[in-house]
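Can you keep this structure in mind? I'll have questions shortly.
Fair warning: this is a prediction, and the values are worked out from it, not measured in the lab. Values reported hereafter were calculated over all heavy atoms of this structure, with side chains retained and with hydrogens, waters and symmetry mates removed.
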Amino acid sequence: MTTRARVPALGAEGWFTTDEEPALLGQRCTTCGTYAFPRADFGCPNPACTGTELEVVPLSRRGTIWSYTDARYQPPPPYVVPGDEHEPFAIAAVALAAEGIVVMGQVVPGVSVDELSVGQEVELVVEVLFADEETDHLVWKWKPVASSTADEGGAA
């Protein structure tokens, strides 16, 4: 049995890990501590800082929804439709409190905007966006975290 190659989709190489507990890879200014995602090669993103040294760091795996919408239209290339035709999907802007940044991403399949709310906790996952004959092309997505009330289940 051959193992399928698993690679980041659409030029996102180096943007996230594919470990059991994946993480986005951002950068942090070593002068002022400002975080950025995606990474860039032009120095600190903080206009008040003159720092030029940036270190690659894993970002928080959990955050809260800052805003959300749905993609009822098919995005333009280089987006690849994963199935035979475009299926609408939710998109969330997620606030990473520890880093002080907001990161956009798709929400996992099966979760609609009707099931999302501002302030809701989500967790980063990595899933297949599309596959070809030999390779799974991966992207990060946001998955709602079950609330502790729902987890307790009301057992008596």
Side-chain angles (χ1 to χ4, degrees), residues 1-29 33-46 54-148 150-151:
M1 181 169 127
T2 59
T3 304
R4 294 178 55 80
R6 293 172 48 91
V7 302
L10 309 171
E13 187 162 337
W15 287 30
F16 58 92
T17 67
T18 57
D19 305 331
E20 186 174 320
E21 292 190 352
L24 295 173
L25 297 174
Q27 59 191 171
R28 187 179 70 80
C29 175
T34 297
Y35 288 86
F37 180 84
R39 298 190 321 254
D41 297 326
F42 54 79
C44 182
N46 178 351
L54 302 168
E55 61 184 346
V56 175
V57 292
L59 302 177
S60 299
R61 296 191 63 245
R62 287 190 176 195
T64 56
I65 294 177
W66 181 77
S67 186
Y68 58 92
T69 190
D70 58 359
R72 296 208 165 272
Y73 61 91
Q74 180 176 320
Y79 180 79
V80 176
V81 178
D84 292 333
E85 60 184 61
H86 174 69
E87 300 258 343
F89 56 88
I91 301 169
V94 175
L96 303 180
E99 293 86 356
I101 61 175
V102 175
V103 177
M104 297 281 293
Q106 288 186 28
V107 176
V108 294
V111 177
S112 73
V113 294
D114 296 333
E115 300 167 78
L116 301 175
S117 61
V118 170
Q120 181 178 11
E121 187 176 17
V122 291
E123 179 177 44
L124 184 91
V125 297
V126 171
E127 293 192 346
V128 175
L129 175 63
F130 68 94
D132 57 30
E133 297 78 27
E134 301 172 356
T135 306
D136 290 335
H137 298 268
L138 309 173
V139 294
W140 75 88
K141 294 184 181 180
W142 297 110
K143 178 180 179 182
V145 174
S147 70
S148 59
D151 291 342

Q.
Please determine whether the number of non-hydrogen atoms from other residues, nucleotides or ligands lying under 6.0 Å from atom CD of Glu21 exceeds 12.
A.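 Open: at most 12 neighbouring heavy atoms sit under 6.0 Å from CD of Glu21.
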Q.
Does atom CD (Glu87) have a neighbourhood of more than 12 heavy atoms from anything else shown, all under 6.0 Å?
A.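 No - once you tally the heavy atoms of other residues, nucleotides and ligands closer than 6.0 Å, there are 12 at most.
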Q.
So if I apply the side-chain contact (heavy atoms from CB on, under 4.5 Å) rule between Val111 and each of Val107, Val113, Asp114, which one comes out positive?
A.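 Of all the options given, the one that passes is Val107.
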**Q.** Atom pair CZ (Arg61) and OG1 (Thr17), whose distance is rounded to the nearest 0.5 Å
**A.**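 Arg61 atom CZ to Thr17 atom OG1 measures 8.0 Å (nearest 0.5 Å).
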**Q.** Sidechain N-carboxylate O distance under 4.0 Å for Glu123, Arg62
**A.**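 Counted as a salt bridge, because a side-chain N and a carboxylate O are separated by less than 4.0 Å.
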(Q) Which heavy atom of Cys29 sits nearest to which heavy atom of Leu54, and what is that distance? (A)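 Closest heavy-atom pair between Cys29 and Leu54: CA-CD2, 3.4 Å.
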Q) Counting only heavy atoms not in Glu55, do more than 12 fall under 6.0 Å of its CD? A)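 Check passes, neighbour count above 12.
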Q: List the steps, then state whether side-chain contact (heavy atoms from CB on, under 4.5 Å) holds for Val139 with Lys141.
A: CA-CA 7 Å; Val139 294; Lys141 294 184 181 180; 3.8 Å; yes
Q: Report yes if the side chains of Thr34 and Cys44 come closer than 4.5 Å at any heavy-atom pair, otherwise no.
A: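 Result yes, sub-4.5 Å side-chain heavy-atom pair found.
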Q. Do Pro38 and Trp15 have side-chain heavy atoms sitting under 4.5 Å apart?
A.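 When only atoms from C-beta onward are counted, Trp15 and Pro38 do touch, with a gap below 4.5 Å.
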**Q.** Close side-chain approach of Leu116 and Pro144, heavy atoms under 4.5 Å
**A.**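 Sidechains of Pro144 and Leu116: in contact.
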**Q.** Nearest non-hydrogen partners of Tyr35 and Pro45, listed with the distance
**A.**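 In this case the closest contact between Tyr35 and Pro45 is O-CG, 4.2 Å.
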(Q) Are Trp140 and Phe37, when compared by the centres of their aromatic rings, separated by less than 6.0 Å? (A)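 Aromatic pair counts; centres sit under 6.0 Å.
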**Q.** Spacing of OG1 belonging to Thr135 relative to CZ belonging to Arg6, to within rounding of 0.5 Å
**A.**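 Those atoms lie 11.5 Å apart.
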Q) Shortest non-hydrogen contact from Glu127 to Pro109? A)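 Answer, listing the atom of Glu127 first, then Pro109: OE1-CD, 3.2 Å.
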Q) How close do Asp136 and Ala131 get, heavy atom to heavy atom, and via which atoms? A)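 What the structure gives for the nearest pair is OD1-CB, 3.5 Å.
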Q: Look up atom OH in Tyr68 and atom CD1 in Ile91, then write down how far apart they are to the nearest 0.5 Å.
A: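 One finds 13.5 Å between OH of Tyr68 and CD1 of Ile91.
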Q | Worked check of side-chain contact (heavy atoms from CB on, under 4.5 Å) between Leu59 and Leu124 | A | CA-CA 10 Å; Leu59 302 177; Leu124 184 91; over 6 Å; no
Q. Minimum heavy-atom separation for His137 to Ala9, with atom names?
A.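 Of all heavy-atom pairs spanning His137 and Ala9, the closest is CB-CB, 3.7 Å.
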(Q) Has Arg4 got a side-chain atom pairing as donor or acceptor with Asp132's backbone, closer than 3.5 angstrom? (A)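 Present.
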**Q.** Glu99 side, atom CD; Gln27 side, atom CD - distance, nearest 0.5 Å
**A.**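 Between Glu99 CD and Gln27 CD, I get 13.0 Å after rounding to 0.5 Å.
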Q) If you round to the nearest 0.5 Å, how far is OG of Ser117 from CD1 of Ile65? A)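 Going from the CD1 atom of Ile65 to the OG atom of Ser117 covers 6.0 Å.
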(Q) A side-chain contact here means heavy atoms from C-beta on lying under 4.5 Å apart; do Val56 and Arg39 qualify? (A)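 The answer is yes, as the side chains (C-beta and beyond) meet within the 4.5 Å cut-off.
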Q: Mind listing the closest non-hydrogen atom pair of Trp142 and Val103 along with its distance?
A: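 Of all heavy-atom pairs spanning Trp142 and Val103, the closest is NE1-O, 3.7 Å.
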(Q) Rounded to the nearest 0.5 Å, what separates atom CH2 in Trp66 from atom CG in Leu96? (A)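 Going from CH2 on Trp66 over to CG on Leu96, the span is 13.0 Å.
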